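What follows is one structure encoded as structure tokens, with my remarks underneath.
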Amino acid sequence: MLSLELIRQHPDLVKAGIAAKNEGPEMVDEILEVDRERRDLLQKVDELKHLRNEASEQIATLKRSSLDASAAIAEMKDVGSHIAELDDRVKVVDARLRTLLLCIPNLPQASVPVGKSDKENTIVLTWHEKPTFTFVPRPHWEIGESLGIIDFAAGAKISGSRFYVLKGLGARLERSLISWMIDVHVQQEGYTEILPPYLVNRESMTGTGQLPKFADDLYHTDTDDLFLDPTAEVPVTNLLRDEIVREEDLPIKYVAYTACFRKEAGAAGKDTRGIIRVHQFNKVEMVKFVKPEDSYHELDLLIENAEGILKKLDLPYHRSEMCTGDLGFAAAMKFDPEVWMPGQDRYVEISSCSNFEDFQARRANIRYRTRDGKIAFVHTLNGSGLAVGRTMAAILENYQQEDGSVRVPDALLPYMGTDVIR
RNA sequence: GGAGAGGUGGCUGAGCGGUUGAAAGCGCCUGCCUCGAAAGCAGGUGACGGGGUUCCCUCGUUCGUGGGUUCAAAUCCCACCCUCUCCGCCA
């Protein structure tokens, strides 16, 4: 959510910002209009309420000294109904304004390269050359199936397309990755581990920005109006919804594993093979709450924490900087580390590290009290550290051997109990 | 799922139709005291929104949420949500 004050004072700046995200200026004008209407109404109704409050006090005084107050009461009856009428109108206008504010995207940070779509993202860093193989490397779905550790048919039978089943050392590898990633973030980088609910309510989804605009991507339970989390970002960020934390407690750094659920509504025909794009996947997510002045430094650290996992696994990757058109709804700046998949001859997004500035904090009302007593919104950031299924795919493709077996990365040896999957 | 109790400011907790935005205590802040701290004493201390002569003044809202009754609701009525206790069921 953008600050209403910012929209009032610098509508052109806001229009330019959302234009860079491929969003038209109409919403801004409507907000200004509705805001004007709201303030006019408020002025009127507040005046009447003031009148009523004063009259009530007089009535109370009269009653206390057992005097007749029926004249004043009769007079207030009209005022009361007028107030009720205006209050109804305020309520309608308030709801409209809130909806508009919830639907306007965050502004890109000034230094983000302007671009229309993901085609204009730039590679800002490359780590390790693409490895050479003495044989033709296979994609992970072939490796996984031939080793008997990924079963796509079973997933389709149990649940449908874009589901799969892990077996034996495949399941063990996934579980090892989850534990190891969390251990790294907790023990080496000072994050606090969280294990949150996967089902969240409407307020939480609104707080991080999935609702109201992106309901189509979410699984929803009809009976009790809960949503399956598409990322741990949702439950973990909402941990501090409507809270005021102390400045000295910032930054707050959480890491959480959850299963993630996505309808992938707009992705028909995309990544149909393998475990890259599925309806349910595991992810370890880092979430940070920081002071505004620290948030870009914290973004750098967050990216390093995400990429640290890739480095420890010795997986080649590069870092893509999102242009304005590919930032998404809530981010002010975003970097995606992408891992090399030799079996598919391409890089695949394996993490996404964003600074939301105060966009989510405003929606979710997450604030902090400064040392001198002032209250301000925190900045929130999050980044995958990492997407676990895709990490497994990357390991299968990068660590595959000519005989069809897969070496276990050194970092995972203590968790896997074997150094090779065959 | 059934029965009961309850949800009040950062926390504990009073109030149960009319100077109650809300007692008291704790916490926090400021001052005095002190070499300093503690204790003690004095004072201050919620959030949100509107308006203004914008380091301040003023008005409104806010006692789980949403409705209702009333001139007036933390206080009465209804619905929902949540917490706790007991019973049932259960990984």
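It should be emphasised that the depicted structure is a prediction, and the values quoted were computed from it without experimental measurement. Order of the sequence lines sets the chain letters (A, B, ...), proteins ahead of strands, with each chain counted from 1. These numbers come from the heavy atoms of this one structure, side chains and all, not from hydrogens, waters or symmetry mates.
In this entry the distance linking CZ of Arg202(A) with P of U65(B) reads 19 Å, nearest Å. Between the P atom of G10(B) and the OH atom of Tyr368(A) lies a distance of 19 Å, rounded to the nearest Å. Rounded to whole Å, atom C1' of G67(B) lies 11 Å from atom CG of Asp88(A). With rounding to whole Å, Glu54(A) atom CD is found 15 Å from G18(B) atom C1'. In this structure, Asp87(A) places its CG atom 10 Å from P of G67(B), rounding to the nearest Å. Between the CZ atom of Arg246(A) and the C1' atom of C11(B) there is a distance of 13 Å, given to the nearest Å. Regarding Leu41(A), its CG atom lies at a distance of 18 Å from the P atom of G49(B), rounded to whole Å. Per the geometry, NZ belonging to Lys374(A) stands 16 Å off C1' belonging to C28(B), to the nearest Å.
By the 4.0 Å N-to-carboxylate-O rule, Lys312(A) lies too far from Asp410(A) to be salt-bridged with it. Ion pairing between Asp217(A) and Arg262(A) fails under the 4.0 Å rule for side-chain N and carboxylate O.
Under 4.0 angstrom from either OP1 or OP2 of C59(B) there lies no side-chain N or O belonging to His50(A). Between Arg39(A) and G51(B) there is a side-chain polar atom (N or O) within less than 4.0 angstrom of OP1 or OP2. Proximity of Lys77(A) to the phosphate of C71(B): a side-chain N or O atom is located under 4.0 Å from OP1 or OP2. For Arg369(A), a side-chain nitrogen or oxygen approaches OP1 or OP2 of A47(B) to under 4.0 Å. Put simply, Asn53(A) has a side-chain N or O that comes within less than 4.0 Å of OP1 or OP2 on G60(B). Between Arg367(A) and C48(B) there is a side-chain N or O to OP1 or OP2 distance below 4.0 Å. Between G67(B) and Lys91(A), a contact under 4.0 Å exists linking OP1 or OP2 to a side-chain N or O.
The backbone N or O of Ser352(A) lies less than 3.5 Å from a partner atom in the side chain of Ser384(A), making a donor-acceptor pair. A donor-acceptor contact shorter than 3.5 Å is absent between the side chain of Glu357(A) and the backbone of Phe359(A).
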task = Test side-chain contact (heavy atoms from CB on, under 4.5 Å) on Arg371(A) and Arg246(A) and set out the steps.
result = CA-CA 8 Å; Arg371(A) 277 173 233 271; Arg246(A) 299 180 310 171; over 6 Å; no
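Minimum atom distance to the side chain of Arg38(A) is reached by G49(B), of the listed G49(B), U61(B), C71(B). Counting only heavy atoms from C-beta on, Gln43(A) has its side chain closest to G51(B) among U61(B), G49(B), G51(B). Closest to the Asp46(A) side chain, of the nucleotides G18(B), U61(B), G49(B), is G49(B).
The cationic atom of Lys263(A) (NZ for Lys, CZ for Arg) lies less than 6.0 Å from the six-membered ring centre of Tyr219(A) and within 45° of the ring axis.
Among Glu338(A), Glu349(A), Glu307(A), the single residue meeting the salt bridge (Lys or Arg N to Asp or Glu O under 4.0 Å) criterion with Arg319(A) is Glu307(A).
Among the protein residues, Ile244(A) comes within range of no part of the nucleic acid, since none of its heavy atoms lies under 4.0 Å from any strand. Across all strands shown, Ile59(A) has heavy atoms under 4.0 Å from base atoms, whether or not it also approaches the sugar-phosphate. Among the protein residues, Arg8(A) comes within range of the sugar-phosphate backbone only, with heavy atoms under 4.0 Å from sugar or phosphate atoms but none that close to a base.
Remark: the separation of the P atoms in G44(B) and A23(B) is 12 Å, to the nearest Å. For the P atom pair drawn from C41(B) and G46(B), the interatomic distance equals 23 Å after rounding to whole Å.
You'll find the ring centres of Phe214(A) and Phe329(A) inside the 6.0 Å limit.
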ask   = Would you write out the dot-bracket form of RNA chain B, 5' to 3', with Watson-Crick and G-U pairs under 3.5 Å, [ ] for crossing pairs, | for pairs to other strands and . for unpaired bases?
value = ((((((((.[[[..)..(.....]]]((((((.......))))))(((((((...))))))).[[[[[..)....]]]]])))))))....
